[in-house]
Protein chains: 2
Amino acid sequence: MLSGKRRLGRGIAVVGAGMSRFGAFKDKASRDLFVDAFVDMQKSVDKGLDITDIQSIFVGNFSSDLFEGQGHLAPMMAEWVGLNPCPATRVEDACASGGVALRQGVLAIASGLYDVVLVGGVEKMTNLPTERVTDALAAASDVLYEASAGFTFPGLYAAMATAYMDKYGLGTEPFMHVAIKNHKNGGLNPKAQFNTSLKDLLEARKVRARDRGQPVPEWKTEMDFLNDPAANPLVAWPMRLFDCSPITDGAACLLLVAEEIAGNFTDRPLRLIGSGQGSDSSLLTRPDITTIGSARVAARQAYEMAGVASSDIKIAEVHDCFTIAELIATEDLGFFAPGEGAKAALEGRTARDGERPINTSGGLKSKGHPVGASGVGQVVEIWHQMRGEAGDRQLRDRDINLALAHNVGGTGNTCVVHIFERR
Amino acid sequence: MLSGKRRLGRGIAVVGAGMSRFGAFKDKASRDLFVDAFVDMQKSVDKGLDITDIQSIFVGNFSSDLFEGQGHLAPMMAEWVGLNPCPATRVEDACASGGVALRQGVLAIASGLYDVVLVGGVEKMTNLPTERVTDALAAASDVLYEASAGFTFPGLYAAMATAYMDKYGLGTEPFMHVAIKNHKNGGLNPKAQFNTSLKDLLEARKVRARDRGQPVPEWKTEMDFLNDPAANPLVAWPMRLFDCSPITDGAACLLLVAEEIAGNFTDRPLRLIGSGQGSDSSLLTRPDITTIGSARVAARQAYEMAGVASSDIKIAEVHDCFTIAELIATEDLGFFAPGEGAKAALEGRTARDGERPINTSGGLKSKGHPVGASGVGQVVEIWHQMRGEAGDRQLRDRDINLALAHNVGGTGNTCVVHIFERR
């Protein structure tokens with residue numbers, strides 16, 4: 001079997017990163033979102049980018065087939081940003097498509113064949129009514145055993161949440177703390193779909209009720225708001241509306257180059273020093289659903305390749321498609337012991353001012369989750385934070401020299417982890 | 001821009017190849033077909049394969065999303081052949097998905113990260129009624145400009161065929177010669193969907209008519225048969241039924257390893273010495289639709305990497321999704337000058353006993369076209385022919401030391417070319 005200690009043939013650097021706004025954009029197709037992200041990425045390249053330098057493109061996308069009736073997306077994205085006849089390859093591993101596309105970009109440069117690679121992710125989800133989006137997403141489960149048995153994704157993650165609560169004797173408070181934190185972070189991110197903290201949201205709702213002459217809710221805290229079934233209805237117990245990431249349109253792009261030529265693009269590149277990927281069976285045949293095996297495999301590979309420990313990581317963007325997923329992620333990545341992720345969330349240890357900030361972008365929960373783009377979007381946040389360019393949400397008074405991105409597909413049938421270093 | 005002369009960081013060898021039967025299999029899903037192909041591949045490894053040696057999987061698939069309502073296919077295929085937690089990645093470039101998956105396997109080994117990689121392709125198409133398959137395939141066109149204007153794939157290739165006929169002053173005879181040749185080859189391939197030559201088919205139809213007391217058709221030759229609108233109805237002029245590849249279920253697998261360890265698996269590996277990939281815009285915005293630009297780019301890259309000329313290639317499996325596509329392919333690959341592909345077909349120069357046998361397997365036309373598997377299936381034929389194990393269709397009295405596979409996505413929005421050497 002693969003030793004995680006294997007090294008890539010060449011060093012890899014990230015020298016540009018950009019994204020579209022995440023949200024619901026009636027008038028934009030995948031190609032429009034991708035162009036937005038590409039232009040934003042191009043602007044981020046300190047010394048400028050001549051697009052004819054780009055030699056290959058990898059596009060993460062879950063299912064424009066089901067969302068837009070459009071397959072074969074990669075050469076189309078190449079066409080719209082002017083990159084034909086570059087090789088253009090779509091990569092799909094459900095909601096991990098973006099992270100896995102990044103990994104293909106890494107392998108492509110390490111192979112010696114390319115020096116400059118564009119990695120993108122895109123998903124246009126809001127064309128369809130919500131129930132059809134839910135059906136499309138259910139195609140990322142095992143249709144034979146899971147979707148056909150009535151499971152949709154909120155139900156699958158609810159099963160993980162109930163198992164987690166049962167195993168560690170917990171209520172739903174830890175999930176709510178994840179939602180509060182991530183919406184607070186997203187409130188500082190102008191590209192987030194929900195660019196509002198829950199505190200601001202509940203106050204705005206009170207004002208709206210007052211303006212309409214309706215009874216004004218008595219919420220004092222975010223917890224009051226989240227515990228009110230009228231404000232935060234059940235989706236699949238114990239997952240409520242604010243435990244679920246939204247349906248999102250969006251795209252993100254990264255420019256990856258061989259490390260030896262990074263200086264042609266910027267004097268402040270990020271080094272990509274660790275990459276790991278694992279797979280797992282469908283949820284219903286796993287011995288323990290309070291942890292994700294593929295994430296543990298991917299993390300171990302990435303740490304070993306990077307030669308760092310989980311305790312060295314300063315910030316992480318993790319795959320919080322549901323609030324339970326963030327708790328499990330922080331344990332699978334080794335930040336906290338099994339069962340301790342919940343305690344850490346309750347104690348604010350993963351907040352922006354905590355010991356290990358998680359999802360400073362707002363995460364999938366608040367920034368939005370255009371599924372094929374999410375894994376690439378995570379690295380856009382890491383790019384900004386590591387370079388000190390994250391605006392109002394920039395972490396200060398700490399040296400963010402190591403960061404991690406954790407991207408999950410399905411219920412963990414795929415997980416991919418990348419580690420970045422800034423010197 | 002990329003110089004085609006770039007070399008991979010390591011040598012790559014093919015040490016195993018297998019496929020399911022291609023056809024229409026009511027009771028088989030993608031996972032069943034993939035298992036069939038995997039088992040067949042495993043049996044082909046001369047010194048045996050311990051599956052725990054496999055380190056990563058790439059799966060080509062166009063759209064199980066649309067065909068089976070099942071996305072996230074790669075980790076599921078890994079699960080069914082017992083390969084979790086190996087990284088499992090789906091690759092999609094429409095009908096070039098299989099060839100592009102092969103290319104990702106090549107890059108993955110060349111990167112230094114892996115030594116042993118499984119490359120598979122799979123498509124399960126016959127669940128849906130034909131008109132819905134046609135719609136699903138149309139998602140591989142540019143839906144905004146092509147499908148929405150009423151084009152389906154027979155129409156798009158018919159446009160290429162009419163342009164070709166017009167440019168070179170030809171009728172439809174060359175297309176028919178391609179059909180006759182490929183069905184003749186497929187008649188020798190027990191895994192082909194249509195395992196019957198047109199000669200045998202027309203005789204069988206006469207017998208059937210006689211047995212039923214119906215008027216017996218007066219066909220004497222395959223051309224009589226193909227020119228009879230009752231036997232060979234128009235689909236989109238000038239493409240008739242027997243100009244179109246069928247709707248097919250099937251899967252194929254290859255075992256790729258770093259060249260230095262090939263001897264652990266077989267003493268008769270194939271070396272993969274050239275790989276090229278290109279992209280192109282949608283058909284309707286190209287200056288000339290009698291050639292495929294991405295194929296010319298991919299071929300040039302592959303020839304340059306391999307250090308061989310088109311004239312050195314002994315056999316080729318080319319992407320004959322429609323008969324016109326084979327003619328254009330043989331020109332884009334440099335086997336014949338523009339417009340000469342038709343003449344070569346008419347003269348039998350691409351037949352099994354011709355100077356340059358094309359599609360000895362029967363091609364997509366007769367062997368079948370499970371779209372995401374086709375590019376991998378092409379290499380299975382090359383594996384058998386180069387090793388002298390192609391049974392009744394084995395080419396004799398010639399040294400097949402160099403072979404080529406040409407796999408197209410859409411109308412040429414993607415093309416990928418690979419070159420193999422046997423020493």
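Note that this is a predicted model, so its numbers are computed, not measured. Below, chain A is the first sequence line, B the second, and so on; all start at residue 1.
Contact count versus chain B (heavy atoms, under 4.5 Å) is highest, among A:S97, A:G409, A:G9, for A:G409. Contact tally against chain A (heavy-atom pairs below 4.5 Å) for B:A110, B:S294, B:S111: the top residue is B:S111. Each of A:A140, A:A147, A:A29 has some count of heavy-atom pairs under 4.5 Å with chain B, and the biggest count is that of A:A140. Here A:L144 is the residue among A:I57, A:L73, A:D50, A:L144 with the most heavy-atom pairs under 4.5 Å with chain B. Put simply, of B:V100, B:L66, B:V91, the one with the most heavy-atom pairs under 4.5 Å next to chain A is B:L66.
Interface remark: B:A108 contributes backbone and side-chain atoms alike to the contact with chain A (heavy atom separation under 4.5 Å). At a 4.5 Å heavy-atom cutoff, the contact between A:A88 and chain B is made by backbone and side-chain atoms alike. With a 4.5 Å cut-off on non-hydrogen atoms, A:S63 touches chain B through its backbone and its side chain both. Proximity to chain A (any heavy atom under 4.5 Å) is restricted, for B:V297, to the side chain, taken from C-beta onward. With a 4.5 angstrom heavy-atom cutoff, B:F67 does not touch chain A via any of its atoms. Within the 4.5 angstrom heavy-atom criterion, atoms from both the backbone and the side chain of B:S281 approach chain A. Interface remark: B:Q104 contributes side-chain atoms only to the contact with chain A (heavy atom separation under 4.5 Å).
A:N84 contributes atom CG, which lies 9.0 Å from atom OG of B:S282 (distance to the nearest 0.5 angstrom). Taking CZ of B:R90 as the reference point, atom OG1 of A:T414 lies at 12.0 Å (rounded to 0.5 Å). B:L107 CG to A:S56 OG: the interatomic distance, rounded to the nearest 0.5 Å, is 7.5 Å. The structure places CG of B:L113 at 10.0 Å from CD of A:Q277, a figure rounded to the nearest 0.5 Å.
Side-chain N/O atoms of B:S279 and A:E79 include no donor and acceptor closer than 3.5 Å. Remark: the B:S141 side chain and the A:Q70 side chain contain no N/O donor-acceptor pair separated by less than 3.5 Å.
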* To do: Verify side chain to side chain contact (heavy atoms under 4.5 Å, CB included) between B:D142 and A:M76, making sure each step is shown before the conclusion.
  => CA-CA 8 Å; B:D142 186 326; A:M76 193 169 302; 4.0 Å; yes
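Across all non-hydrogen atoms, the minimal contact from B:H72 to A:N413 is CE1-CB, 3.5 Å. Across B:D93 and A:P75, no two heavy atoms sit closer than the pair OD1-CD, 3.5 Å.
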